[in-house]
Amino acid sequence: MEETGARSDGHMAALVEPPSAVAMGRPGEVEDVTALPSKVSVRSLNFFYGTQQALYDNDIDIPEKRVTAVIGPSGCGKSTHIRVYNRIFELYRTHRAEGEVILDGVNVLSPDVDLIDLRKRVGMIFQRPTPFPMSIFDNIAYGLKLHYHISRGELSDRVQDALVRGALWEEVKDKLDEPATALSGGQQQRLCIARAIATEPELILMDEPCSAIDPVATAKIEDLIEVLRDQYTVVLVTHNMQQAARVSDFTAFFYKGYIVEFGATKQIFTNPARKETEDYITGRFG
Amino acid sequence: MKPRSRTGRRLADRTARVVMIPAALIGLAVLAWILWEVVARGAGALGGSFFTELPTPPGMEGGGLGNAILGTLVITLLATVMGTPVGLLAGIYLAEFGTTSRLATAVRFTTNLLMGTPSIIIGIFVYALIVLRTGHFSGWAGAVALAILMLPVVLRTTEDMLNLVPDELRESALALGAPRWRATLTVVFRAAKTGLATGILLAVARVSGETAPLLFTALNSFYWPQSINEPTANLTVTIFNYAMSPYADWQQKAWGASLLITVGVLFVAVLSRFALKDRRSRTWSR
């Protein structure tokens with residue numbers, strides 16, 4: 001899986017040339033993932049839904065302050081994988097994870113990890129927007145009130161700050177008291193991102209955040225991810241390969257519960273090391 | 001492949017309609033008939049004194065059922081205050097915490113049994129439990145009997161309504177670092193609140209017409225309720241007594257009381273209908 005060497009086979013290179021729509025938007029050079037400090041190190045992670053195994057020996061190092069895309073066909077374990085990082089899978093009694101997910105040197109799967117503290121550090125955005133049934137203001141304030149004793153004045157400053165960074169402030173500043181459920185889908189999703197970053201997490205998990213919203217709203221969220229990459233480590237699960245190519249620095253390709261290939265996005269899309277990756281990104285399956 | 005004949009399908013369609021429409025009409029007609037009878041015979045009894053005065057001795061004209069109206073309101077209110085919290089909490093346990101555990105399965109099963117238990121048996125049960133022990137009939141005992149009847153209704157609707165709340169909403173609250181109890185109370189409960197209110201209203205509507213359990217517990221009285229610790233006048237037992245009496249005036253009053261209860265239940269049902277409509281159109285779950 002560490003195979004990163006360039007191919008010299010001209011015939012193969014032509015075959016893996018991605019569709020023209022997959023424009024390589026990431027500027028700069030291809031970084032070597034092994035040279036970067038990692039935020040999360042996953043070691044031999046196995047996951048079970050009851051008796052059915054969904055992840056097999058996942059090993060990956062998520063680089064700090066970069067956007068890592070997780071791609072692969074439906075049911076390959078993309079979401080399952082990131083749902084281990086904040087232990088949200090534990091809501092369901094039959095779900096079970098084995099192995100290690102080391103966040104800043106600490107295995108988050110260890111029983112003595114404080115879940116509330118973990119989830120303060122690891123934010124999550126879901127496939128469908130999940131505004132809470134309360135006002136826009138209260139949605140953003142929810143996490144802040146959970147984790148801090150905070151004065152009213154400071155609270156409204158922090159709410160405004162989060163909405164500004166979530167690229168939603170201009171659209172909602174005059175209706176902070178209105179129910180968040182009245183916003184459009186794309187606005188709701190940006191609200192959820194603002195809500196997640198309000199408590200200053202270090203790692204943000206996004207589980208197909210654009211799959212339920214329209215292209216214009218999607219573009220706004222991609223712009224937002226672009227800004228977030230300077231401050232946060234982002235893991236983005238997406239079924240949209242163009243999106244992965246546009247916004248991510250690194251890409252992991254999942255297939256049938258295995259991490260087949262992981263490397264710089266540019267390299268994965270132009271010169272994948274593995275046949276399955278190549279078949280998937282050229283649209284032969286998935 | 002030979003296309004199937006259309007005549008056969010048309011015939012089946014006709015037959016189904018011919019059978020179903022009269023069935024629907026019969027149901028509607030019976031309801032309309034009852035309403036008509038109750039209104040036609042009861043409306044005349046509903047003067048001002050009906051609501052404010054005490055019943056008169058047999059043979060004497062005038063008077064009213066003020067004590068029974070007050071007693072029914074008090075008993076139903078007490079029953080709601082006792083039955084609703086237990087039902088809500090147990091419903092939360094089933095939907096959020098117990099789910100598939102053995103205890104939850106047992107609770108669900110016994111709740112179904114309780115739901116199907118004839119109300120007269122609940123009445124005799126409370127008679128043995130409270131009336132025999134205290135040595136006298138009381139409004140308390142009546143309220144306890146009605147509370148027991150309300151319990152399974154509130155419990156099951158609570159569970160159903162909480163199950164309608166999408167898991168993503170729970171997950172987002174937990175992913176922000178909310179402890180389970182707080183996520184349940186501040187997000188899940190709020191998302192389901194109109195549905196929960198509907199459950200309570202339906203339970204109130206269900207018990208407000210019950211006669212048998214009150215016959216064994218609250219009994220009846222010709223006087224204003226002085227204390228909840230003595231036999232307490234109520235509309236349903238009054239209807240039972242008056243309708244069986246040979247006095248035209250009492251029978252007339254029984255019709256009036258019937259009309260009052262019918263209108264009351266109808267009002268509560270319509271109220272819950274509106275709450276439900278509100279839930280469907282405005283809040284989270286689409």
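In this text the structure is predicted, and so the values were computed from the model without any measurement. Proteins get letters first, then strands, A, B, ... in listed order; numbering begins at 1 in each.
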Working for side chain to side chain contact (heavy atoms under 4.5 Å, CB included), residues B:E171 and A:Y92: CA-CA 11 Å; B:E171 290 178 7; A:Y92 310 93; 2.6 Å; yes
For A:F132 and B:T186, what are the C-alpha separation, side-chain angles and deciding distance, and is it a side chain to side chain contact (heavy atoms under 4.5 Å, CB included)? CA-CA 9 Å; A:F132 296 153; B:T186 55; over 6 Å; no
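Heavy atoms only, all atoms of each residue included: A:L146 and B:P179 are closest at CD2-CD, 4.1 Å. A:I116 approaches B:G177 most closely through the heavy-atom pair CG2-O, 3.3 Å. Of all the heavy atoms in B:A173 and A:Y142, the pair that sits closest is CB-OH, 4.3 Å.
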In a table with atom names and distances, give each donor-acceptor pair under 3.5 Å that connects a side chain of residues 147-155 of chain A to protein atoms at least two apart or in another chain.
{"unit_1": "A:H147", "atom_1": "NE2", "unit_2": "B:L176", "atom_2": "O", "d": "2.7"}
{"unit_1": "A:Y148", "atom_1": "OH", "unit_2": "A:K120", "atom_2": "NZ", "d": "3.2"}
{"unit_1": "A:S151", "atom_1": "OG", "unit_2": "A:E154", "atom_2": "N", "d": "3.2"}

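Within residues 81-97 of chain B, the residues approaching chain A closer than 4.5 Å by heavy atoms are, in numerical order, B:F97. Contacts between residues 99-122 of chain B and chain A, defined by a heavy-atom separation under 4.5 Å, are made by B:T99, B:T100, B:S101.
Qualifying ring pair (Phe, Tyr, Trp, His ring centres under 6.0 Å) partners for A:F126, counting only residues two or more places apart in sequence or in other chains: none.
Interatomic distance, CG of A:N139 versus OG of B:S172, reported as 9.5 Å (0.5 Å rounding). To the nearest 0.5 Å, the span separating CD on B:E168 from CG on A:D207 amounts to 9.0 Å.
Put simply, the side chain of B:P166 reaches to within 4.5 Å of the side chain of A:R128, judged on heavy atoms. The shortest distance between side-chain heavy atoms of A:L91 and B:R180 falls below 4.5 Å. Between A:M134 and B:R190 the shortest side-chain heavy-atom distance falls below 4.5 Å.
For chain B, no part of A:L115 is nearby; none of its heavy atoms comes within less than 4.5 Å. Residue contact with chain A, scored on non-hydrogen atoms closer than 4.5 Å, involves the backbone and the side chain of B:R182 alike.
Of all the listed residues (A:R93, A:R121, A:R195), the one sharing the greatest number of non-hydrogen pairs under 4.5 Å with chain B is A:R93.
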